[in-house]
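As structure tokens, the structure follows; a few thoughts come after it.
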Amino acid sequence: MTSNLKVDVPELIAAIYRETLGDATLDTGSDFFEAGGDSLAAFQITARIQESLGAEVPVALVFAYPSPADLASVVDLEPAQG
């Protein structure tokens, strides 16, 4: 039996936004800036994404793609080719 461990990346990122920004109402369409996000929060979010998914996310992406859904669309989950 094979288990499907596919992660719902937008929802995971939304959960990280909720915890980091202290707002339980945030969802995958919430805007980082409207939720009170700042550069410190962006660094915390990218660190949590890396910890949770193993994906390196430049802080600039949080600013360029401010909703969890948009950010998830550009997070590279593939291992880096060395």
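Please read all numbers here as calculations on a predicted model, not as lab measurements.
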Do [X] and [Y] come within less than 4.5 Å of each other through their side chains, counting heavy atoms only?
X	Y	value
S52	I16	yes
S67	D31	no
Q50	V57	no
P68	F32	no
T46	P58	no

**Q.** Worked verdict on D8 versus T28 for side chain to side chain contact (heavy atoms under 4.5 Å, CB included)
**A.** CA-CA 11 Å; D8 183 346; T28 59; 5.8 Å; no

Do you know the tightest heavy-atom contact between [X] and [Y]?
X	Y	value
L71	Y17	CD2-OH, 3.9 Å
A14	D27	CB-C, 3.8 Å
R18	L26	NH1-O, 2.8 Å
L21	A41	CD2-CB, 3.7 Å

Q) Can you tell me how far the CD1 atom of I13 sits from the OG atom of S30, to the nearest 0.5 Å? A)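 Going from the CD1 atom of I13 to the OG atom of S30 covers 13.0 Å.
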
Q. CD1/I49 to CD/Q44 distance, rounded to the nearest 0.5 angstrom?
A.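 Taking CD1 in I49 and CD in Q44, the distance rounds to 12.0 Å.
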
(Q) Check this for me: F63, atom CZ, are more than 12 non-hydrogen atoms of other residues, nucleotides or ligands nearer than 6.0 Å? (A)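 Atom CZ in F63 is crowded, with more than 12 foreign heavy atoms closer than 6.0 Å.
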
Q. Within a radius of less than 6.0 Å around CD of E11, do more than 12 heavy atoms belonging to other residues, nucleotides or ligands occur?
A.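 Yes - once you tally the heavy atoms of other residues, nucleotides and ligands closer than 6.0 Å, there are more than 12.
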
